[in-house]
Student: 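Below you'll find the structure I mean.
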Amino acid sequence: MKKLECLMIFSTLLLKCAFADVYLHNLRGSNNRWNENGRNRNNANRMFDSQNNARGGYNVGSLYYYVGSKLQLEWTNQHSCYNENNHCDIVLQYMCGPQVRDGTSTSTIPSNPAQCENLDCNEDRRYGMHEDFYHYQNCRLRKRNGGLYTASENVREYASSTRQNQKANRYGYECAEERDYYPNWHPSPWKDIAILTNDVSRCAMYQNESQNVKERYACKVDPAFLYQYSNKNPPDNKYIPITEAECNTFVYEVNGESKLGEWTRYPAHGIAAPNCVESQYSRDNHLGNTVGGQTINYNWTIPDSVNEHCTLRIRYNITTGDYDRDNTTSIHNNRRARDGPGPDLWTQFGLTSDVGLNRGYKLKDNPQVDIFNNEKFKLQLAITTEQYGRTFQDRSHTFAIRPRPPSISSDAQIVNVNVRGKRGNIVQVYPAVEYDFVPNTAVVQKDGYVHYQWTGSDNNPGNNDGQGRASTDRSNVVMIKSAVYTEGSPSTYKTGTYGQLGSSYPSHLTNASLGGLIAEDMKALSILRDHLGGDMDELNDAGTYFDLGPRKVTQSGNYNYMCTRNNNFSNRSQKGKLVVTDAAFANEYIGALGGSVSVPNTGGGTSTEVVAPPGALTQGQLIGLSETTQSDITVVVHAPNSDYVSDFVKLEPEGKISSDSAMLTLKIKLNGDLPSLYVPEVYMSADGTNTWNKLALDEHQSGYVSFRTDSGGHYVVSKSVDAGPMAGLILGVIVGVLLLVGIIVLLKKNRNILASYKNKV
Ligand SMILES: *[C@@H]1O[C@H](CO)[C@@H](O)[C@H](O)[C@H]1NC(C)=O
Ligand SMILES: *[C@@H]1O[C@H](CO)[C@@H](O)[C@H](O)[C@H]1NC(C)=O
Ligand SMILES: *[C@@H]1O[C@H](CO)[C@@H](O)[C@H](O)[C@H]1NC(C)=O
Ligand SMILES: *[C@@H]1O[C@H](CO)[C@@H](O)[C@H](O)[C@H]1NC(C)=O
Ligand SMILES: *[C@@H]1O[C@H](CO)[C@@H](O)[C@H](O)[C@H]1NC(C)=O
Ligand SMILES: *[C@@H]1O[C@H](CO)[C@@H](O)[C@H](O)[C@H]1NC(C)=O
Ligand SMILES: *[C@@H]1O[C@H](CO)[C@@H](O)[C@H](O)[C@H]1NC(C)=O
């Protein structure tokens, strides 16, 4: 594989063999491909610098998503993350704009306008383009940030040259410095979605510095200047400055006219700061799943940023633990001998700088270290300072963000279900993946919406394994037949499960419609709509793209389905599950910085919510909260006191969640105010069986109770007679009765007195 990569590199005149990497699978990451049927991508420079293996990527693949819908992004990254082996940050971003496009050619967009239609590359739609012409030209003609650590590399003085790309090779219109450094100081068209990191102490900085919320300043020059010098060095090699003072005295010429740089404010994108949370664990030298067997993923809620032309970018940044990444700057550069020693690698071995450097403990290319002082040999380390701290990247094919149809309210849940992977067996497609539904298990609450939509390519390598016409990707969704016999795992067979994942035959459509979809939708999902005939037994006559549109699910249950074409038992599986819950639910990936999850609340008033204060969770995890009325719940038998005044609430995962230093606060919505003389009591059952424990409440207000807990499980609030006032009342009644008796006795006596008096008169 490495050999192939090197061949490819010779053909594009790159310098070093790169192999490693990050591959986006949902959305479909391009890795710079455009509809090409070779196994290796044709052009590593087409759109962006991935530094990935040439075999990665998907040919084509554009879908659309509704504002506020949930999209599970999936990727694999090779050198571990959330793992002590390196510092790892994953930066997820998107960009939209009228000129953002995939193009229709495998060539890189030219940097010389003379090679573009109408001398305007931005509008020459044959070429794919994300960042635009001026973004790139400004980068080329702008000074680089001289404070950066460039190790022993020979970095030029402009921003298109960096430690990882000294020769300023061009990749589409990407700016190398912007690519390699985040947060970046220069204005950028990219909007931040999330930063996933193994050091959340950096989150405050990332969130403060994100261009989502913080403006940028830069030295503005006339675009005509950028155009004029798009293919040359600037006059006298005077690059556009990056400080205010220098900008104010930066004189340049456009068409013979002398102009002055303008220090300009570029407002923030004006959207919320990015989410910042622990990354998911992955190990080294492995493009695979995280703990628990899921592909590494992030659930993106599609922003209210309607646009037909968007792209998503993932950067995967790893830095060695040999030096302090945040405190190593240009003062540690050691390109020339007189430059100094570089970052301190010696103190950690108890050596002085002289001894350490002398023995080879220096950050430079392939150092030879004398481990055992004064031995006859030294050992050579495979270090390239260019890549010692390195960013990989992938970007999606374009996608659209669309407003919800008027029939779907803005708070209704919409879950996207797509297909990832490409045609071929596991070896042929690697480092891409075989077909799968994403999410493999989709969870939607009843009366929410599911949006089935997928795409593929007709241009995979001709000899790649698979069913149907060679080279083509097709998928469908058909309910699987039910189990013939029952074995093992009872949860699979519990009531409300339709179709068995272990089966490879489809079911009668009438019996099991996915979440209550109408028969016509079930047909559309299986024969891909509108095909009255033709070569459809393996879906050959269908197109690569299919969209069912958003569909409301009205029946709860677990629905298992398959793709009839690609599922090939013992060779390939393409099966998925749709879970439609009766319970209203929400979930959120929360870590040490804390966060909260609230259940969607249709009735108004306080929502049921769990709050994790900072420190309550020691690592990132999915915290789920659901709420359901007593009659809907199947696992809960009954709480000890059945006078329930709340719905049943389930906090997941089951078992102990919080650390000992801080607990979670759970707030449960009450169904109306309690009658006077009653108090709320909260009960918890770890597994929803008959063992319920009473917990202490912290607060009872009109509409809700709140209390602390350290564990997931089932919770319910019931009411009981308030002992305090009741005792008072009983006492009061007794006193009252006694008083009454006294009065009656007295009156009787009086009457007698009166009577006797009367008698006397
Ligand atoms: C990658 O990490 C380095 C620290 O090693 C940092 O300087 C740089 O800004 C990061 N780049 C990105 C794109 O995250
Ligand atoms: C981030 O911003 C907040 C609020 O302005 C401030 O309190 C905090 O010190 C900042 N933190 C960092 C690391 O910049
Ligand atoms: C190293 O960098 C971190 C984060 O920027 C900072 O908090 C710390 O004080 C720095 N340490 C030194 C020795 O400069
Ligand atoms: C199932 O997959 C294998 C391996 O790709 C292939 O050899 C076989 O022909 C496939 N079966 C059918 C019925 O297409
Ligand atoms: C399928 O339909 C039959 C007949 O209506 C019914 O008896 C059976 O329970 C159904 N199966 C499932 C899994 O709903
Ligand atoms: C699975 O693939 C093998 C060859 O890899 C083939 O012999 C076998 O028939 C395939 N199974 C099916 C069901 O097609
Ligand atoms: C994303 O959502 C799915 C479905 O709810 C869940 O299984 C998965 O764990 C979530 N991923 C993260 C990182 O929270």
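Ligands are counted one by one from 1 in listed order, and the atoms in each one are counted from 1 as well. The model shown is predicted, which means the values in this text are computed figures rather than measured ones.
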Student: With sequence neighbours excluded, what pairs up with S282 under the side-chain hydrogen bond (donor to acceptor under 3.5 Å, both in side chains) test?
Tutor: N77

Student: Mind checking what makes side-chain hydrogen bond (donor to acceptor under 3.5 Å, both in side chains) contact with S30, not counting sequence neighbours?
Tutor: none

Student: Answer whether the closest heavy-atom distance between the side chains of H79 and Y316 falls below 4.5 Å.
Tutor: yes

Student: Is there side-chain contact between L651 and L664, with heavy atoms separated by less than 4.5 Å?
Tutor: yes

Student: Can you pull the residues with any heavy atom under 4.0 Å from ligand 1?
Tutor: R179, D180, Y181, Y182, R315, N317, T319, R325, T391

Student: Using non-hydrogen atoms of the residue, decide whether E588 is closer than 4.0 angstrom to ligand 7.
Tutor: no

Student: Is any side-chain heavy atom of Y23 closer than 4.5 Å to a side-chain heavy atom of Q78?
Tutor: no

Student: Can the ring centres of H451 and Y66 be said to be less than 6.0 Å apart?
Tutor: yes

Student: Run the numbers for me: atoms of ligand 2, each under 4.0 Å from some heavy atom of N208, listed by number.
Tutor: 1 (C), 2 (O), 3 (C), 8 (C), 10 (C), 11 (N), 12 (C), 14 (O)

Student: What atoms of ligand 7 come within less than 4.0 Å of a heavy atom belonging to Q280?
Tutor: 13 (C)

Student: Quick one: does ligand 7 sit under 4.0 Å from the side chain of L622, the backbone, both or neither, non-hydrogen atoms only?
Tutor: side chain

Student: Could you tell me, atom by atom, which parts of ligand 7 come under 4.0 Å of a heavy atom of Q72?
Tutor: 1 (C), 2 (O), 3 (C)

Student: Is R202 salt-bridged to E278, going by a charged N under 4.0 Å from an acidic O?
Tutor: no

Student: Just distances here: any N/O of T441 and N/O of ligand 7 closer than 3.5 Å?
Tutor: no

Student: Under a 4.0 Å N-O cut-off, is there an ion pair linking R315 with D180?
Tutor: no

Student: Under 3.5 Å, which donor-acceptor pairs link side chains of residues 610-627 to any protein atom two or more places apart or in another chain?
Tutor:
residue: E627; atom: OE2; partner: T608; partner atom: OG1; Å: 2.6

Student: Suppose I only count heavy atoms of N587 and a 4.0 Å limit; which atoms of ligand 7 are within that range?
Tutor: 5 (O)

Student: Could you tell me whether the side chain of L363 reaches within less than 4.5 Å of the side chain of Y149, counting heavy atoms only?
Tutor: yes

Student: For ligand 7, find out whether one of its N or O atoms is nearer than 3.5 Å to an N or O atom of Y298.
Tutor: no

